[in-house]
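The chain is numbered in sequence order, starting from 1. What you see is a predicted model, and the numbers here were worked out from it, not measured in a lab.
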Amino acid sequence: MLRTVITAAVGLTLAAGCAPDSEAPVKVSVLSRSSNGQYVPTQVELTTIEDVVGLKGTVGDLQGGARIVIDVDDPALQNATADTVAEVLLKNTGYDVKASYITQKDEKTGEDVLWPADFHSWNMVTSYYNLERANEYFRTVANVKVASFEPAPTLYYFPEFIQAQSSKEPARDNAIFYPVLQSFMVLPFDQIQRAPLPLNAAVMAHEYSHLVFNRLAYAGQSLPVALSHWSSEAPSQGANVLKVFDEGLADYHAYGATCRSVSGCDPRFMATSFDGGPFAGVTDARDLSRGDRCMSATLYLRVRDQDVASFTSDGAEYQVGTLLATALYQAGRSTGQEAQLQRDIVSAYYDTDPAKPGIYQYTQQVLGDQTLFSLAVPAMAIISHISDLELRKAVCNEFMDHLQIPRELLIGPSLCPASAAGGTTCPNIFQ
């Protein structure tokens with residue numbers, strides 16, 4: 001049980017720093033996507049920073065030199081508990097990073113601006129800034145309370161991250177939220193050269209969405225009870241569904257975060273990192289604007305009938321998650337209420353109101369029988385939190401169409417109106 005959840009990670013020598021004033025707001029230059037889609041030095045303000053050299057603040061704390069090893073054959077891991085597992089995995093906690101800056105005057109205002117003085121400083125300060133942007137999106141658009149972000153997560157910068165059952169070599173080319181450590185990881189990059197993942201604000205927003213989902217839909221549990229319990233059983237429908245919604249909603253919120261950038265809403269937000277490289281197919285596979293995506297009978301049965309290890313072995317959670325994200329994208333765009341939908345979705349993660357339970361509450365209601373936690377259940381949680389009738393109907397239609405959730409499971413008080421009949425894009429897999 002512990003083994004399955006622990007192994008599911010969701011997605012150096014540093015220059016000595018000077019000691020500029022760290023009192024927020026601090027004006028710095030980062031690498032940010034411009035209105036024409038290029039990554040260029042951009043002057044911004046860090047509004048949550050407390051130590052601009054060590055890159056610590058209320059949204060994160062960067063640590064370098066950490067070593068994290070996931071090895072299911074490690075005797076210490078086999079004997080670990082929920083309270084001790086993090087200590088077992090973290091073989092080296094690392095050290096405080098030290099960013100270096102050159103102070104320059106802004107030509108227009110005459111104010112001091114900190115320019116990173118080396119590669120790692122550019123990379124680290126941009127990573128912190130992108131955490132700020134993701135945090136701001138969830139606080140303002142999604143209306144997440146500040147307390148839900150506490151304590152601030154650690155961001156392990158360029159750690160040695162080894163998943164022993166996959167490879168003895170440290171992983172590369174990834175940005176990850178790892179709930180067991182309640183932390184982010186920005187791994188060294190190798191093949192992704194165009195826009196390394198920590199520079200891609202949408203990718204970082206995707207990872208930050210996993211943090212928010214953990215803090216709310218999993219009640220902040222490092223080893224979520226429902227996911228842990230259901231992953232130990234086969235089939236693992238409940239665990240599969242949770243993974244689908246965690247990934248799909250992360251993609252949808254990553255898209256939502258792009259709408260607050262100067263380059264505008266981007267349903268192909270992975271393109272700047274993956275296009276033209278060895279992972280070029282990722283962009284098309286996760287493109288939210290593809291309205292022709294449909295649930296197949298085979299994929300539907302995989303959600304229901306496979307154990308979680310088999311289901312996730314080839315990325316099925318991303319395939320079904322993209323269907324979910326696409327359905328939400330289509331509904332939000334068609335009604336012109338994307339920001340409202342993004343807020344309503346997050347409000348559905350945790351809600352003690354018995355008339356409209358949150359996703360976490362639904363998991364607790366059926367903890368003893370995961371066959372009762374189908375795709376329809378977290379869909380119901382989302383639908384019941386959409387107050388606008390037109391938007392609710394649009395979401396209902398897209399869920400029935402792209403995800404092939406049976407209509408009769410979604411119709412009811414505070415759920416889909418009787419006029420919701422699904423769409424005509426996808427063939428009915430139940431006929």
Trainee: Please list, chain by chain and in numerical order, all residues satisfying side-chain contact (heavy atoms from CB on, under 4.5 Å) with Ala171, sequence neighbours excluded.
Mentor: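 side-chain contact (heavy atoms from CB on, under 4.5 Å) list for Ala171, sorted by chain: Phe161, Leu187.
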Trainee: With Gln370, which residues qualify under side-chain hydrogen bond (donor to acceptor under 3.5 Å, both in side chains), at least two apart?
Mentor: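 Counting only residues at least two positions away or on another chain, Gln370 forms a side-chain hydrogen bond (donor to acceptor under 3.5 Å, both in side chains) with Glu233.
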Trainee: Is there any salt bridge (charged side-chain N to carboxylate O under 4.0 Å, His left out) pair reaching into residues 287-301, and which pairs are they, with sequence neighbours excluded?
Mentor: Arg268-Asp287, Arg290-Asp292
Trainee: Not counting sequence neighbours, list each pair that qualifies as a salt bridge (charged side-chain N to carboxylate O under 4.0 Å, His left out) and has a residue in residues 159-172.
Mentor: Arg67-Glu160
Trainee: Please collect all salt bridge (charged side-chain N to carboxylate O under 4.0 Å, His left out) contacts where either partner lies in residues 355-372, sequence neighbours excluded, each pair once.
Mentor: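 Salt bridge (charged side-chain N to carboxylate O under 4.0 Å, His left out) check on residues 355-372 returns Asp351-Lys356.
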Trainee: Decide, yes or no, whether a salt bridge links Arg302 with Asp307 under the criterion of side-chain N to carboxylate O below 4.0 Å.
Mentor: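 No, no charged N to carboxylate O under 4.0 Å.
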Trainee: Determine, using ring centers only, whether Tyr208 and His253 are less than 6.0 Å apart.
Mentor: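 No - the distance between ring centres of His253 and Tyr208 does not fall below the 6.0 Å cut-off.
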Trainee: Sort and list the pairs that fulfil disulfide (SG to SG under 2.5 Å) and have at least one residue in residues 209-265, not counting sequence neighbours.
Mentor: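 Counting only pairs at least two positions apart or across chains, the disulfide (SG to SG under 2.5 Å) contacts touching residues 209-265 are Cys259-Cys265.
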Trainee: If you take the centroid of each ring, where Trp contributes its six-membered ring, are Phe184 and Tyr128 closer together than 6.0 Å?
Mentor: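 Not under 6.0 Å, so no.
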Trainee: Using atom types as modelled and distance alone, determine if a side-chain donor or acceptor of Gln221 lies under 3.5 Å from a backbone N or O of Val225.
Mentor: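 Checking the backbone N and O of Val225 against the side chain of Gln221, a donor-acceptor pair under 3.5 Å is found.
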Trainee: Who pairs with Gln43 by side-chain contact (heavy atoms from CB on, under 4.5 Å), at least two apart in sequence or on another chain?
Mentor: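 By the side-chain contact (heavy atoms from CB on, under 4.5 Å) rule, Gln43 matches Lys27, Asp106, Val113.
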Trainee: So, using side-chain contact (heavy atoms from CB on, under 4.5 Å) as the criterion, who are the partners of Thr93 when residues are at least two apart?
Mentor: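 Result, side-chain contact (heavy atoms from CB on, under 4.5 Å) vs Thr93: Leu90.
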Trainee: Please name all residues satisfying side-chain hydrogen bond (donor to acceptor under 3.5 Å, both in side chains) with Gln182, sequence neighbours left out, ordered by chain then number.
Mentor: Asn214, Arg215
Trainee: What pairs with Asp305 under side-chain hydrogen bond (donor to acceptor under 3.5 Å, both in side chains), at least two apart in sequence or on another chain?
Mentor: none
Trainee: Go through the structure and list residues passing side-chain contact (heavy atoms from CB on, under 4.5 Å) with Cys294, not counting sequence neighbours.
Mentor: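 Listed in chain order: Thr425, Cys426, Pro427.
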Trainee: Going by salt bridge (charged side-chain N to carboxylate O under 4.0 Å, His left out), name the pairs with one or both residues in residues 123-145, residues two or more places apart or in two chains.
Mentor: Glu136-Arg260
